[in-house]
Amino acid sequence: MKTPLLLSTAATLVVGSYPAVAETLTVDEVVVKGAAVSSTRQRIEGRDIRETPAKDLSEALKYVPGLDFIRKAAVGNDVVLRGQSRDNLNVLVDGQRLYGSCGGRMDPPASHIDFGEVERVEVLKGPYDVENAGSMAGMINVVTKAPKKGWGSDLNLQYGSYGSLAGSGTLSYGGDWFSGLGGYAYKTSRMPTVGGGKSYADLYPASSPNAYRPGAADLAYETNTAWVKLGLT
């Protein structure tokens, strides 16, 4: 008979202690003010993209939450937004569509743009893009640089592992009735190695149809890109 008595006494002590704490607890009004931030529309500046260790624009966008890429090679990859890509995603350049000419989507829209051309990237996360038809996932609009008033120039240089080198430069002029901008970019990298220091190109024997061409096994990629933008008022 002692056990029920002890349990009853303990319950009385615990319940009786709560009202005293509740009576002395006072919370003042808390007001939080801040600017509304859209979770579906983002803007990535070109200088932030150029500071990433990525080799192309698609790979650089993977640092944005909700964005990733499909790796096809060292460069020339495809953008993925919330699991959607290819025809389910609008990838625009200055608001215009860019259609590749290679089979098997070997040249997706983002592969035609170099870091040196990018002023900013506008990302609109879906589920739909009502501003531009034909997209189920959203939109990625690459805004290229525009000439500013007077003379201007920009130079970028990046060096990484396996002798990877990426350099670009632009020269621009903006006048009252004429403006122009020109640029050039060069990217290259040696073939990476696998276990034991063996070159990736040596994984396939010379008799394999997947083997690299003689003389091309030392380079993983080499690209030359040039662009010109003219304006007349």
Side-chain angles (χ1 to χ4, degrees), residues 10-71 77-98 108-150 152 154-158 160 166 168 170 172 174 181:
T12 303
L13 292 175
V14 172
V15 173
S17 64
Y18 279 96
V21 176
E23 291 176 356
T24 58
L25 181 61
T26 303
V27 179
D28 297 331
E29 181 182 4
V30 178
V31 180
V32 179
K33 297 181 179 180
V37 179
S38 174
S39 60
T40 60
R41 187 182 292 271
Q42 291 180 273
R43 171 173 168 166
I44 305 99
E45 299 297 331
R47 62 177 179 271
D48 297 329
I49 293 176
R50 287 185 285 273
E51 291 176 357
T52 66
K55 299 298 185 292
D56 64 357
L57 181 60
S58 300
E59 186 178 355
L61 292 177
K62 76 172 184 177
Y63 296 98
V64 180
L67 287 173
D68 211 324
F69 71 106
I70 300 174
R71 181 175 291 283
N77 303 295
D78 223 337
V79 186
V80 178
L81 173 61
R82 290 178 171 177
Q84 301 289 334
S85 62
R86 299 172 64 93
D87 295 335
N88 291 329
L89 178 63
N90 280 335
V91 180
L92 311 177
V93 179
D94 290 331
Q96 304 296 321
R97 298 182 186 275
L98 181 64
S111 67
H112 293 271
I113 303 298
D114 188 82
F115 291 163
E117 300 179 66
V118 179
E119 178 70 25
R120 67 182 184 274
V121 178
E122 300 171 346
V123 178
L124 176 62
K125 299 177 181 179
Y128 300 102
D129 175 19
V130 297
E131 298 177 355
N132 304 275
S135 173
M136 188 173 67
M139 176 201 68
I140 296 176
N141 183 34
V142 182
V143 181
T144 59
K145 292 180 179 179
K148 295 180 173 60
K149 193 73 174 179
D154 188 15
L155 182 65
N156 299 281
L157 185 63
Q158 184 184 71
S168 65
T170 59
S172 65
L181 181 147

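Here the structure is a predicted model, which means the values were calculated and not measured. For the numbers below, each heavy atom of this structure counts, side chains included, while hydrogens, waters and symmetry mates do not.
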Visitor: With sequence neighbours excluded, what pairs up with Asp78 under the side-chain contact (heavy atoms from CB on, under 4.5 Å) test?
Guide: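 Ile70, Lys72, Arg86, Arg105, Pro108.
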Visitor: Look up atom CZ in Arg50 and atom CZ in Phe115, then write down how far apart they are to the nearest 0.5 Å.
Guide: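 These two atoms lie 9.5 Å from each other.
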Visitor: Rounded to the nearest 0.5 Å, what's the gap from CG on Leu181 to NZ on Lys148? Could you check?
Guide: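 Here the interatomic distance stands at 9.0 Å.
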Visitor: At their closest point, which heavy atom of Ser58 faces which heavy atom of Val79, and how far apart are they?
Guide: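 It is OG-CG2, 3.3 Å.
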Visitor: Would the distance check show the side chain of Lys125 and the main-chain N or O of Leu81 forming a donor-acceptor pair, the cut-off being under 3.5 Å?
Guide: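 Not at all, since once roles are kept as given, no pair shorter than 3.5 Å links the two residues.
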Visitor: OG of Ser168 to CG of Leu155: how many Å apart, nearest 0.5 Å?
Guide: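 The CG atom of Leu155 is 7.0 Å from OG of Ser168, to the nearest 0.5 Å.
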Visitor: Is there a donor-acceptor pair closer than 3.5 Å between any side-chain N or O of Glu59 and the backbone N or O of Lys55?
Guide: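 Looks like yes, one N/O pair under 3.5 Å.
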Visitor: Only counting residues at least two apart or in another chain, list the ones meeting side-chain contact (heavy atoms from CB on, under 4.5 Å) with Arg97.
Guide: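 Applying side-chain contact (heavy atoms from CB on, under 4.5 Å) to Arg97 gives Asn90, Leu92, Tyr99, Asn132.
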Visitor: Going by the rule side-chain hydrogen bond (donor to acceptor under 3.5 Å, both in side chains), which residues pair with Asp68 if we only count those two or more places apart in sequence or in a different chain?
Guide: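 Once residues adjacent in sequence are excluded, Asp68 has no partner under the side-chain hydrogen bond (donor to acceptor under 3.5 Å, both in side chains) criterion.
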Visitor: If the condition is side-chain contact (heavy atoms from CB on, under 4.5 Å), which residues does Ala166 pass it with, not counting sequence neighbours?
Guide: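 For Ala166, the residues satisfying side-chain contact (heavy atoms from CB on, under 4.5 Å) (neighbours in sequence not counted) are Gln158, Lys187.
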Visitor: In Å and rounded to the nearest 0.5 Å, what is the CD1 to CG distance from Ile113 to Asp56?
Guide: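 So the CD1 of Ile113 and the CG of Asp56 are separated by 11.5 Å.
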Visitor: With sequence neighbours excluded, tell me which residues meet side-chain hydrogen bond (donor to acceptor under 3.5 Å, both in side chains) with Asp94.
Guide: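 side-chain hydrogen bond (donor to acceptor under 3.5 Å, both in side chains) list for Asp94, sorted by chain: Thr144.
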Visitor: Can you find a pair of side-chain heavy atoms, one from His112 and one from Val93, that are under 4.5 Å apart?
Guide: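 No, too far: nothing below the 4.5 Å cut-off.
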Visitor: Run the side chain to side chain contact (heavy atoms under 4.5 Å, CB included) test on Ile140 and Leu67 for me, step by step, so that the C-alpha distance in whole Å, both residues' side-chain angles and the decisive distance to 0.1 Å come before the verdict.
Guide: CA-CA 10 Å; Ile140 296 176; Leu67 287 173; 3.8 Å; yes
Visitor: Considering all heavy atoms of both residues, which atom of Glu119 and which atom of Glu45 are nearest to each other, and what is their separation?
Guide: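 Nearest pair, atom of Glu119 first, then Glu45: O-OE1, 3.7 Å.
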Visitor: Which pair of non-hydrogen atoms, one from Asp114 and one from Val118, has the smallest distance, and what is that distance?
Guide: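 Heavy-atom minimum between the residues: O-CG2, 3.5 Å.
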Visitor: Sequence neighbours excluded, which residues qualify as side-chain contact (heavy atoms from CB on, under 4.5 Å) partners of Glu122?
Guide: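 Only Arg120, Asn141, Val143 meet the side-chain contact (heavy atoms from CB on, under 4.5 Å) criterion with Glu122.
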Visitor: Could you tell me which non-hydrogen atom of Leu89 sits nearest to which non-hydrogen atom of Met139, and how far apart they are?
Guide: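 So the minimum-distance heavy-atom pair works out to CD1-N, 4.1 Å.
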